[in-house]
Amino acid sequence: MEVPMSLNHSLETQNKLIARVPDITGRALPEWFQAIDNGPSFLRCDERANWLADEHGLTHGYAAAIVHEHERHRRNRYL
């Protein structure tokens, strides 16, 4: 059973944030996904977003968008 992940922003805002990640952070999404995969094993998305923001100096909006995108890609791998 798929549990929907809550977003603090609209799908349109999510897409805009993700499109700007490489320019704003200097790292491509696959690099951020690897950082999440290699980071602490938090169960909750908000915990991963908080860690990503604290560990890498991202704003919470970008960290949450990256974590959400990571979850979306991870779910799609198993479908």
Side-chain angles (χ1 to χ4, degrees):
M1 175 175 145
E2 183 174 328
V3 178
M5 187 177 142
S6 67
L7 276 178
N8 293 329
H9 45 259
S10 70
L11 181 58
E12 180 182 358
T13 300
Q14 169 72 12
N15 291 336
K16 287 179 180 179
L17 286 169
I18 289 302
R20 290 191 297 245
V21 163
D23 292 333
I24 297 296
T25 68
R27 294 172 77 177
L29 279 176
E31 293 176 76
W32 286 115
F33 294 170
Q34 186 176 11
I36 293 169
D37 290 340
N38 293 334
S41 297
F42 295 115
L43 295 177
R44 295 176 32 174
C45 291
D46 62 331
E47 293 173 323
R48 282 192 293 264
N50 288 336
W51 171 80
L52 202 60
D54 292 344
E55 186 74 18
H56 297 280
L58 299 173
T59 64
H60 185 73
Y62 279 105
I66 292 167
V67 168
H68 176 74
E69 197 68 12
H70 178 260
E71 286 298 305
R72 192 177 70 75
H73 281 260
R74 195 173 76 172
R75 277 194 309 263
N76 289 339
R77 278 186 279 183
Y78 298 110
L79 292 178

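When side chains are defined from C-beta on, F33 does not count as touching R74, because their heavy atoms never get closer than 4.5 Å.
Shortest non-hydrogen contact noted between P40 and W51 is CD-CE2, 3.3 Å. Taking both residues in full, the closest heavy atoms of A35 and H56 are given as CB-NE2, 4.2 Å, listed atom of the first, atom of the second, then distance. Between A63 and A49, the shortest heavy-atom contact is CB-O, 3.3 Å.
Proximity of a side-chain donor or acceptor of E31 to a complementary backbone N or O of A28 within less than 3.5 Å is detected.
Atom CZ of R48 sits about 12.0 Å away from atom NE2 of H68, to the nearest 0.5 Å. How far OG1 of T25 is from CD1 of I66: 5.5 Å, rounded to the nearest 0.5 Å. N50 contributes atom CG, which lies 12.5 Å from atom CD of E55 (distance to the nearest 0.5 angstrom). Summarising the geometry, atom CD1 belonging to I18 is positioned 5.0 Å from atom CG belonging to L29; distances are rounded to the nearest 0.5 Å.
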### Task
Could you go through the side-chain contact (heavy atoms from CB on, under 4.5 Å) check for L58 and W32 one step at a time?
CA-CA 11 Å; L58 299 173; W32 286 115; 3.9 Å; yes
### Task
Take E69 and L17 through the test side-chain contact (heavy atoms from CB on, under 4.5 Å) and record every step on the way to the result.
CA-CA 10 Å; E69 197 68 12; L17 286 169; over 6 Å; no
### Query
Do V21 and R27 pass the side-chain contact (heavy atoms from CB on, under 4.5 Å) test, and can you show the C-alpha distance, the side-chain angles, and the key distance before you say yes or no?
CA-CA 7 Å; V21 163; R27 294 172 77 177; over 6 Å; no
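Residues satisfying the salt bridge (Lys or Arg N to Asp or Glu O under 4.0 Å) test with D46, not counting sequence neighbours, are R44.
Heavy-atom neighbours of E47 CD from other residues, nucleotides or ligands within 6.0 Å: above the threshold of 12.
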